[in-house]
There are 4 protein chains.
Amino acid sequence: MDEIGVGMLGYAFMGKAHSNAFKKIAYMTWPPPLVPRLVGISGRNTEAVGEAATRYGYEYATTDWRELVADDRIGLFDNGGPNSLHAEPTIAAAEAGKHVVCEKPLGRDAGESYEIWRRVEATGVKHLCAFNYRFVPASRLARELIEAGELGEIRHFRGRYLQDWGDDPSLDTWRFSADDAGSGALGDLGAHVVDLARFLVGEIASVSGFAKTFLAGRAVDDAVEAAVEFESGAVGTIEATRFALGRRNAFQWEVNGSKGSLAFDMERLNELQVFRADGDRARGFKTVLVSEADHPFWEHWWPPGHIIGWGDTFVHELHHMLRAIATDGDVAPYGATFEDGYRAAEICDAIVRSGESGSRVALSYRTL
Amino acid sequence: MDEIGVGMLGYAFMGKAHSNAFKKIAYMTWPPPLVPRLVGISGRNTEAVGEAATRYGYEYATTDWRELVADDRIGLFDNGGPNSLHAEPTIAAAEAGKHVVCEKPLGRDAGESYEIWRRVEATGVKHLCAFNYRFVPASRLARELIEAGELGEIRHFRGRYLQDWGDDPSLDTWRFSADDAGSGALGDLGAHVVDLARFLVGEIASVSGFAKTFLAGRAVDDAVEAAVEFESGAVGTIEATRFALGRRNAFQWEVNGSKGSLAFDMERLNELQVFRADGDRARGFKTVLVSEADHPFWEHWWPPGHIIGWGDTFVHELHHMLRAIATDGDVAPYGATFEDGYRAAEICDAIVRSGESGSRVALSYRTL
Amino acid sequence: MDEIGVGMLGYAFMGKAHSNAFKKIAYMTWPPPLVPRLVGISGRNTEAVGEAATRYGYEYATTDWRELVADDRIGLFDNGGPNSLHAEPTIAAAEAGKHVVCEKPLGRDAGESYEIWRRVEATGVKHLCAFNYRFVPASRLARELIEAGELGEIRHFRGRYLQDWGDDPSLDTWRFSADDAGSGALGDLGAHVVDLARFLVGEIASVSGFAKTFLAGRAVDDAVEAAVEFESGAVGTIEATRFALGRRNAFQWEVNGSKGSLAFDMERLNELQVFRADGDRARGFKTVLVSEADHPFWEHWWPPGHIIGWGDTFVHELHHMLRAIATDGDVAPYGATFEDGYRAAEICDAIVRSGESGSRVALSYRTL
Amino acid sequence: MDEIGVGMLGYAFMGKAHSNAFKKIAYMTWPPPLVPRLVGISGRNTEAVGEAATRYGYEYATTDWRELVADDRIGLFDNGGPNSLHAEPTIAAAEAGKHVVCEKPLGRDAGESYEIWRRVEATGVKHLCAFNYRFVPASRLARELIEAGELGEIRHFRGRYLQDWGDDPSLDTWRFSADDAGSGALGDLGAHVVDLARFLVGEIASVSGFAKTFLAGRAVDDAVEAAVEFESGAVGTIEATRFALGRRNAFQWEVNGSKGSLAFDMERLNELQVFRADGDRARGFKTVLVSEADHPFWEHWWPPGHIIGWGDTFVHELHHMLRAIATDGDVAPYGATFEDGYRAAEICDAIVRSGESGSRVALSYRTL
């Protein structure tokens, strides 16, 4: 089996999640499309990044991501750093001929995201914006059911990503820095909702809404609210907040079509609610435990009903990327490309602009 | 026990619901504040209204509501007719000195609603706009918990009323007539969401959204979507639709505060989800079966866990109205007055105007 | 419409539930098979039974049930008294030519139950043992699905009736008196489980289990536990307890067949969980909101999704009895006859005997 | 960090689950108590075991488990083979001075289980019977709450392990062989229920029940049903089946005490239902998402609400074993020792004997 050298930027939350995934791909997805070789990891804190290298088995640690970019053994550059560190290293890695994965949001705003996409696309490498929730088995099953026409014409999407850790003025993280993060709940959570909306229902045509900051002195938004219309004519709502007490990781969405409906909650990520208007007397939403042999990604796992975890979505995502690299195949449409990352950013920006102007914003997307 | 004569306008859905409630009040709420005497019922179809009188025990039937207005034995006029029949009979009844109940939406738009309120308020009678979902035990418990400060400062309200019977071009009902109904999902379902939002969180300051009609040729809206801000600074979404397949009567709402959260679904109307940030290691949303001796309205019913039905909410509502009449007490704040009916209409209209203009609409409310 | 005179024994819990049902039948089930005329009510406390007569509209109250038995205007005698008052009045009423309804358990043990059945059956009147949970729409739908073969061959029944009010030594009610009640959780709750098991799966062949009393000095059982085998070869468990904290009225059962499964919880009595092994990729239990126009009993009620309450099951049950009387039709199999009441008692007794002897008890049922 | 050499018997289901766990322990539990070095793996099929060695990174493969026993580099022998291969290799490994993990059921019956325990205990090595469901965070949290007295005196345990893959006469696996497996649903699923019952509630005093085989010609049981009494006086039911259509991995249990209750379903393994009788007006079962920083095992994982999978329970289990080895600490009580494996077997056998004799079986446990 062929190897691919991996260079990782970031050793904290996403560094752990991605490193775990690369390690599991080597034996859980069998045979793997490429065997990830963990070459180098970079981060700002010398001691911490050194420990991370030991922990996850990277051959070396560095505080300078340029070292990874310059390393010829590295074929895949994975950027799990803060948002402010997405653009320059990702572009540099791509221009050095490495395939690139970048955590979402792609850039801190639509302009930066567009620039990343444009520069990287020009190099011809594969690029994936790590909207890992496309790789939840239930999300993929939902997409497949919709593609197969089982929902008919889509009427509604309502999505909300609810967390509750933001209501603490003493918290100090780069996620509350406008410069490091670009935005708050919007880019962190709202971007996931926007991406899933596009993944399941298609392009968004317009948004009416606003961003909201609850805590005085906080530099980024705490929540966003929007009423949206899709190009298809479907309508709905998009919401993200860090102020929904009791909701820990509740990315909830529902899609209603002319033939059926789907509903989901990330806190029960192994389940998809499926309704079909099939005339059955015993009608209702099915709780589908998405863990059957004929369900997406399940060939890698366990017998039915033996559920997987949040961390395993990264196994699916990075396996998808490795297969695209190995086969020179497409990252899209099941994986989000940098174009998807850019488009999500356009929509996020539009919600902010709608709030500032008080007007509905019609979306237009730049092309290359 | 004193009696009160009831005159009922409408014998169909709401006629059945209200008549059932008046009959049950007489023995389920014991002793009743006033014993309802079902004097007369009016409707357009002679045969049907006659049968309704027999069925529910009204002393007579008439096709002319003016007969009820002129009947001195009637002390309470209950208007369960189509929206276009709300204004004139309700005002006439009040001006004839009868207390009045009027189904929601109060009028077909804010202007008509204001006029009903203004004219009726001037007569000095008691008036109740039949937002019966204030009288779900879980709704009242929610209100009491919020009033007691258990949720702290409210950050979010998200409410949606989802039904699925609208996606049928062959349906023919007054509810699809712009003249009879005034609006579609907006006044039928959205008004309930707006009223509960005000009941639980307070006044709405602005809305950004729109109404949507899916079916060509349909004269009223099929769905509404809005991002809203409350005067308190809380933010959220309001949605109503008749196009959410599989959702039969899913009026779902959630409130997040700085100390806790509440969530509800009308399809499980006996349950309230309650989260408190109390530091308990075993934290999470409680499924409270609102059926205990110390829960709202439960003194009328059964042992704990022996749940009530949707129809029983009208028992609570009309019992509340009868008590207000008997004691010369307040309908507000637990019951919706015609002012509440008017304010809901202002907000509904604002959503439509926001959609037409593409701009956020700041609410302002008329006073008397 | 023809009337039937009703004589009611008992004015407390069951008196309220049955009286409410008779009153609602008159207009909610339209046209009713017979219009109940509430003639007389009897009870031990003069003042309380008098107030009950006023409250529910009985023409008179009496402390002597024999007065009801002697009253020619009464065609239906409804016994909602304590278990020790089931046999004599019910038999006397039947022998006076009145149709009879008797609350469960029919007698305090199998012998007494058999005697009630034998004596009443001999009179030729209609008799119904008030296992009202057969009249939950979800129970009836379950029965219909099973009868239609949709579950295939039944493999398992597991039923438990969990309540939690028993763990209080200070409680004083006839339900804790061996003489008044005959048994504790067994006859009160276990009998319901046994009846539903028979209703859905068929006759029980043997039981292995025991009754348990937790509180020292309590004269009746607090819980029963049994492993059971049906004549069909299906196997499962039956349990009843008043000591399951947090379970207020949780009569939960599940049936597994070779083609599908059903599951239910009385605390969500409007819902039936339905699984079918139909090869659908999106497989799982459906949450069926049993409230559609084509669902059992729903012709009496509201639009879909507008749920009913526990009290409404008695409307269905007594409507069924009135129709049987009006049409000289069968009470069985959808309603439980006194034979069903007797058979449930045989099974309940067998659980007790199994516990006493330490041996599995094979059931045999007496016939007339 | 010190290493420990691992020898694995079995490369299929449990081989995959345990190998994955050893690999994740090395970096997810940081720092690990011992770093697992995957030395050798054995299995009957040369090609398959060779591929497994490559896949999981074992240094060699062998078709003779004695090679592992003889390998001095191996300090921990992990037996994930069929039940008939539990006794001899496990005893041999222990007698060769290796710590041992053995999958459940420990032996094919109580006699064999006792012999394994006796022989292994005599060697002084650490031994763990792989009842991995003790290592679900919700199970451990349940145990901690019970140990802290939060449930008061335990009244009830009801546990059932429901799967649905057994109803297929064409299936051919060692699990249906009496010689290879010893029993069917009993040892495969029932043993888990029995172990959790002991883990949470304590020793079982007596069982009344039976095993059942539905399919003609099947050599092992398809289901078991039992009513049980604990030494403490608590009572309940134990059930296991492979014939519950729609239940894929539904190990469901509930515990009721005098102060509260707990409930669980393995299909939602990240959730624990917690009820406390604390006098709160808003009372009910909490859905606790067991994924907080102060929850068991969570120091290894992700932010709150980012759930783990079934496979991760083995990480906890084997980490526990490695820590016991590294610190010369206790496997019990949080891990099941071979004595626990033996006791579970006694109870399983007792259910079978109860079915055969028709009598309740009082448990007695052998000691060393």
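Below, read A as the first sequence line, B as the second, and so on, with proteins coming before strands; counting in each chain starts at 1.
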Worksheet entry | Verdict with reasoning, A:Phe214 to B:His156, per side-chain contact (heavy atoms from CB on, under 4.5 Å) | CA-CA 11 Å; A:Phe214 292 111; B:His156 286 293; 3.8 Å; yes
**Report entry** Over 12 foreign heavy atoms within 6.0 Å of CG, A:Asp172
**Finding:** no
Scanning both residues in full, the closest heavy-atom pair of A:Ala227 with B:Gly209 reads CB-CA, 4.2 Å
Exercise for the section: Give the C-alpha distance, both sets of side-chain angles, the deciding distance and a yes or no for side-chain contact (heavy atoms from CB on, under 4.5 Å) between A:Arg158 and B:Thr241. Expected result: CA-CA 12 Å; A:Arg158 61 191 70 85; B:Thr241 181; 4.1 Å; yes
Most heavy-atom pairs under 4.5 Å with chain B, out of A:Val361, A:Val255, A:Val235, belong to A:Val235
Comparing A:Glu239, A:Lys259, A:Arg276 against chain B, the one with the most heavy-atom pairs below 4.5 Å turns out to be A:Glu239
For B:Ala244, is there any backbone N or O sitting under 3.5 Å from a side-chain donor or acceptor partner on A:Arg155? no
A:Arg283 side chain vs B:Gly246 backbone, donor-acceptor pair below 3.5 Å: no
When the 4.5 angstrom heavy-atom criterion is applied to B:Val228 and chain A, the contacting part is backbone
Residue from B:Ala277, B:Gly260, B:Ala234 scoring the most non-hydrogen pairs under 4.5 Å with chain A is B:Gly260
From the list A:Arg248, A:Arg360, A:Glu225, the residue making the most non-hydrogen contacts under 4.5 Å with chain B is A:Glu225
Note: A:Phe243 and B:Asn256 closest approach over all heavy atoms is O-CB, 3.7 Å
Ranked by heavy-atom pairs below 4.5 Å to chain A, first place among B:Ser261, B:Gly358, B:Ser208 goes to B:Gly358
Applying a strict 4.5 Å limit to non-hydrogen atoms, the region of A:Ser357 in contact with chain B is neither
Heavy-atom nearest pair, B:Leu245 first then A:Phe285, reads O-CZ, 3.7 Å
Heaviest contributor of heavy-atom pairs below 4.5 Å to chain B, chosen from A:Arg160, A:Gln273, A:Glu229, is A:Arg160
Answer key: most heavy-atom pairs under 4.5 Å with chain A among B:Leu162, B:Leu151, B:Ile238 is B:Leu162
Honestly, the part of B:Glu254 sitting under 4.5 Å from a heavy atom of chain A is side chain
Next on the checklist: Can a donor-acceptor pair be found, under 3.5 Å and without considering hydrogens, that links the side chain of A:Lys212 to the backbone of B:Gly236?
Outcome noted: no
Applying a strict 4.5 Å limit to non-hydrogen atoms, the region of A:Ala362 in contact with chain B is neither
Of the listed A:Gly284, A:Ser359, A:Ser354, A:Ala223, the one with the largest count of heavy-atom pairs under 4.5 Å with chain B is A:Ser359
